[in-house]
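Here's the structure we're looking at; comments come further down.
Each chain gets a letter, A, B and so on, in the order its sequence line appears, and its residues count up from 1.
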Number of protein chains: 2
Amino acid sequence: MAHTMDRFGFELPLLLAGAFRQLIDELHRRLAEQGHPDLRPAYGFALQAIGPDGATMSEIGRRLGVSKQAATKTVGKLAELGYVDRAPDSADARAVHVTITPRGRDSLRRSAEIFESLRREWVRELGADRVRALEDDLATMTDLAGGVPLHDLPGWLR
Amino acid sequence: MAHTMDRFGFELPLLLAGAFRQLIDELHRRLAEQGHPDLRPAYGFALQAIGPDGATMSEIGRRLGVSKQAATKTVGKLAELGYVDRAPDSADARAVHVTITPRGRDSLRRSAEIFESLRREWVRELGADRVRALEDDLATMTDLAGGVPLHDLPGWLR
DNA sequence: CTATCTTCGACAACCAGGTTGACGATTGAT
DNA sequence: ATCAATCGTCAACCTGGTTGTCGAAGATAG
């Protein structure tokens, strides 16, 4: 029974937060280098929520788990930065159809690449087994085993 | 080589964030049940930063990694809620000495207990080895191997 | 002992990312 | 044809931050 002393319970959230923070910070550092200096963490989630087929404001809000007002604001900034386009919805005169621009798609493509590269760094450091175990364990504890919803994520990243 | 397909890189931050979120939400759910419904995540960090001997506004800001103005605001709310006291510093007429009230200490004690209990749940679910491995791996990747600083944590929790 | 430099904390204005509430316009269901 | 639900916007507000400015108080030189 090699019983190395257990860590304190409060360290667990701190470690999770620290690791998350580090990944997100590094992502944005690299995105900035690759021509996307204005992309904030929240924007990535929003783009993700819009999806390849576009979506309406309300739909984006629902997918993100925020109010449609909040979604409207975020989309407004995304539009100013050239990451999305807004157009009247052909099927519903009340609705606005939001689509991702080529620049937006470029940022998503690069984000995905950067995340893969970051994960490879974890694998180099910890080994593939440990990383998989870590992911599996986190998925277990969050009952997010299949598919991570965007809900409840934005807001507390910066 | 049983090579179950690797997860996508972007899932890692999502899993970390989800797990963190879940722990913090559960902490505050239980704290609310135990007589601390007004304690927000940021306040716990601030109390932590004040410490058993108290601290000045600037010191709290430094420990938290935020401006002294931000620290002043948070301490103000903490004081309104009865978690801290402010008194003139005996050694420096410019400074304000902030101390934790008994109620504040109660909340810290309960938080520590809740975090221990939450960690025990992880151990029940995943096994002590996996939890230790997870903590060690996260500590490795965050070079937070020894002692987690409060710096850069507040702000992106809610 | 005085002149200068730094630090302390407060005040004000601002930002990001949310919230609720109200509202006119449109849609869909009866 | 009516009436309720939904669409997006506006306005006001909250939280947790930011900068800049400032007077008062301390530290350090000369």
request  = Quick one: do L118(B) and R30(B) satisfy side-chain contact (heavy atoms from CB on, under 4.5 Å)? Show the steps, please.
outcome  = CA-CA 11 Å; L118(B) 256 15; R30(B) 298 193 192 179; 3.4 Å; yes
request  = Assign A70(B) to base, sugar-phosphate, or nothing according to its heavy-atom contacts below 4.0 angstrom with the strands shown.
outcome  = base
request  = Could you say whether D92(B) or K77(A) is positioned toward the 5' end of DNA chain C, judged by the nucleotide with the nearest heavy atom to each?
outcome  = D92(B)
request  = Provide, to the nearest angstrom, the distance between the CZ atom belonging to R63(B) and the C1' atom belonging to dC8(C).
outcome  = 16 Å
inquiry  = Less than 4.0 angstrom between a side-chain N/O of R40(B) and OP1 or OP2 of dT15(D), yes or no?
reply    = no
message = Heavy atoms from C-beta onward define the side chain here; which of dC7(D), dT19(C), dC8(C) lies closest to that of V66(A)?
response = dT19(C)
ask   = Quick one: is T72(B) getting a side-chain N or O under 4.0 Å of the dG9(C) phosphate, OP1 or OP2?
value = no
query = Side-chain N or O of S58(A) less than 4.0 angstrom from OP1 or OP2 on dG8(D)?
reply = yes
remark   = Closest of dA25(C), dA10(C), dG8(D) to the R94(A) side chain is dA25(C)
query = Less than 4.5 Å apart, any side-chain heavy atom of R29(A) and any of D25(A)?
reply = no
task = Classify the nucleic acid contact of D89(B) as base, sugar-phosphate or nothing, counting any heavy atom under 4.0 Å across all strands shown.
result = nothing
task = Indicate whether OP1 or OP2 belonging to dC8(C) is found under 4.0 Å from a side-chain N or O atom of R62(B).
result = yes
query = Which part of the nucleic acid, if any, lies within reach of S67(B) when heavy atoms closer than 4.0 Å are counted: base, sugar-phosphate only, or nothing?
reply = base
query = Which comes earlier along DNA chain C counting from the 5' end, the contact point of Y43(A) or that of A93(A), where each point is its nearest nucleotide?
reply = Y43(A)
message = Assuming nearest nucleotide by heavy-atom distance, tell me which of K68(B) and K73(B) is located more 5' along DNA chain D.
response = K73(B)
task = Give a yes-or-no answer on whether the side chains of H97(A) and D85(A) include a donor-acceptor pair shorter than 3.5 Å.
result = no
Donor-acceptor pair present, Q69(A) side chain and dG21(C) base, under 3.5 Å = yes
note = In terms of heavy-atom contacts, F20(A) and P13(B) come closest through CD1-O, 3.2 Å
Nearest-Å distance for atom pair CD/C1', residues E59(B) and dG9(C) = 14 Å
